[in-house]
S.K.: 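Attaching a single structure in structure tokens format; questions to follow.
Everything quoted here is computed from the prediction, not taken from an experiment.
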Amino acid sequence: MTRGPTWFNITSLVLGFSFLYLPIVLLVIYSFNESRLVTVWSGFSTKWYASLLQNEQLLDAAWVTLRVAFVSASVATVFGTMAALVLVRSGRFFGRSLFSGMIFAPLVMPEVILGLSLLLLFVAMDQARGFWTVMLAHTTFAMCYVAVVVQSRLVGFDKSMEEAAEDLGCPPVKTFFLITLPIILPGVIAGWMLAFTLSLDDLVIASFTTGPGATTLPMKIYSQVRLGVTPEINAVCTILVVLVTIGVIAASIVTKRQQVQRERDERAAFGNEAS
């Protein structure tokens, strides 16, 4: 007989979700606070969102952060997908253990060490630090997360469809883009979203690799929080939460539609074979 959830499971679930999401809910609520004191509620107001539009420093930092996150997530998704394909499809080859270790090292390496090592690399290359150095740094540590997500998708991949396409004369590259990529696309999208979120959230690595004109939003918020939290910070954080939520929902809808369409195509193909 199947047992329902116990009071212990329900209590643990409620406490866990409360611990994770209650601070975010409070941040959103107090972004509409009339008072400048973020801990004292004095009425509903949207004036801090209007004030945010006049704060050029925060807006510039937010724009830099979004650009860095988009570019680094896109590049990390390409290289992470390629790394996952090599690990899953290439079998045993010389240097596989070293290659795998280098791909997954940023998962366990402290961010301080990674940021410092990248800083020393850019100094040795005499590379001026700015937007592109932050982007390269974020690509470096985000690529391994994409590789893990895509690799888990490729492990259960049915290669018979690729083999059927190649038997019909489809070149390997075209087979990848027409057969393999659409099937693993949910994993690729999930890896991109994870890389994008990690880049938005990063403070330590960006602090080591940034330069003039490339101050990210976490760095700007951290520098202002040391002097006191203002409702404008709550407002910009609320906007980021909304943007990330919309992105996750949109990605989920696209993935679900693709899965439904793929199942529909498979049923149509089996129906044609049966007839």
Side-chain angles (χ1 to χ4, degrees), residues 20 68-109 114 135-168 170-202 243-270 273:
L20 290 174
V68 169
F70 181 81
V71 176
S72 62
S74 301
V75 177
T77 299
V78 173
F79 286 104
T81 302
M82 294 171 61
L85 286 169
V86 171
L87 291 174
V88 175
R89 298 293 179 83
S90 298
R92 303 295 302 178
F93 59 89
F94 179 76
R96 175 185 172 87
S97 298
L98 177 62
F99 178 76
S100 177
M102 293 177 65
I103 290 295
F104 299 128
L107 288 171
V108 295
M109 188 178 298
L114 184 59
M135 187 276 294
L136 290 174
H138 284 188
T139 301
T140 301
F141 81 86
M143 181 177 64
C144 61
Y145 292 92
V146 177
V148 170
V149 175
V150 177
Q151 183 180 7
S152 64
R153 185 76 178 181
L154 285 169
V155 168
F157 184 84
D158 186 7
K159 295 183 64 177
S160 61
M161 289 180 285
E162 288 182 336
E163 295 171 354
E166 292 176 356
D167 289 341
L168 294 173
C170 187
V173 176
K174 190 174 181 179
T175 299
F176 173 78
F177 284 104
L178 294 181
I179 305 297
T180 308
L181 185 58
I183 295 177
I184 67 172
L185 191 59
V188 175
I189 294 176
W192 188 91
M193 290 295 299
L194 180 59
F196 184 82
T197 304
L198 289 171
S199 179
L200 283 180
D201 181 63
D202 176 66
L243 290 177
V244 172
T245 303
I246 292 175
V248 171
I249 294 175
S252 300
I253 293 175
V254 171
T255 302
K256 183 64 176 178
R257 288 182 176 178
Q258 290 178 342
Q259 182 179 356
V260 171
Q261 183 63 36
R262 185 169 63 251
E263 293 176 353
R264 190 177 302 165
D265 294 340
E266 290 177 356
R267 287 196 298 266
F270 288 139
E273 291 179 359

S.K.: Can you see which heavy atom on T175 is nearest to which on C170, and at what distance?
M.R.: OG1-SG, 3.3 Å
S.K.: Around atom CZ of F79, are there more than 12 heavy atoms from other residues, nucleotides or ligands closer than 6.0 Å?
M.R.: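 At most 12 heavy atoms, drawn from other residues, nucleotides or ligands, come within 6.0 Å of this atom.
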S.K.: Please report the shortest heavy-atom distance between V149 and G187, naming the atom on each side.
M.R.: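 What the structure gives for the nearest pair is CG1-O, 3.3 Å.
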S.K.: Please round to the nearest 0.5 Å and tell me the distance separating atom NE2 of H138 and atom CG of D201.
M.R.: 9.5 Å
S.K.: Which distance, rounded to the nearest 0.5 Å, do you find between the CE of M135 and the OG of S74?
M.R.: 10.0 Å
S.K.: Could you go step by step and tell me if R89 and T180 meet the side chain to side chain contact (heavy atoms under 4.5 Å, CB included) rule?
M.R.: CA-CA 12 Å; R89 298 293 179 83; T180 308; 4.3 Å; yes
S.K.: Any heavy-atom pair between the side chains of S252 and V248 that's under 4.5 Å?
M.R.: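 Touching, per the 4.5 Å side-chain cut-off.
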S.K.: Could you tell me the separation between the CD1 atom of I189 and the CD1 atom of I184, rounded to the nearest 0.5 Å?
M.R.: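 I189 atom CD1 to I184 atom CD1 measures 11.0 Å (nearest 0.5 Å).
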S.K.: Between W192 and F196, what is the ring plane arrangement, given parallel below 30°, perpendicular above 60°, and tilted in between?
M.R.: parallel
S.K.: To the nearest 0.5 Å, what is the distance between OG1 on T81 and CE on M143?
M.R.: 11.0 Å
S.K.: Search all heavy atoms of S100 against all heavy atoms of L87 and return the closest pair with its distance.
M.R.: CB-CD2, 4.0 Å
S.K.: State the CZ-OG distance between F141 and S72, to the nearest 0.5 angstrom.
M.R.: 7.0 Å
S.K.: More than 12 heavy atoms of other residues, nucleotides or ligands under 6.0 Å from CZ of F70: yes or no?
M.R.: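 Atom CZ in F70 is not crowded, with 12 or fewer foreign heavy atoms closer than 6.0 Å.
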S.K.: Verify, without hydrogens or angle tests, whether R153 (side chain) and L185 (backbone) share a donor-acceptor contact under 3.5 angstrom.
M.R.: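 It does not hold such a pair.
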S.K.: Under the criterion side-chain contact (heavy atoms from CB on, under 4.5 Å), which of T77, L198, T197, V150 is the partner of Y145?
M.R.: L198
S.K.: Work out which heavy atom in A69 is nearest to a heavy atom in S199; give both atom names and the distance.
M.R.: CA-OG, 3.2 Å
S.K.: Start with the C-alpha distance between L85 and L154, add both sets of side-chain angles, then the distance that settles side chain to side chain contact (heavy atoms under 4.5 Å, CB included), and finish with yes or no.
M.R.: CA-CA 8 Å; L85 286 169; L154 285 169; 3.6 Å; yes
S.K.: What is the distance from atom CD1 of I103 to atom CG of L98, rounded to the nearest 0.5 Å?
M.R.: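 CG of L98 is found 10.0 Å from CD1 of I103.
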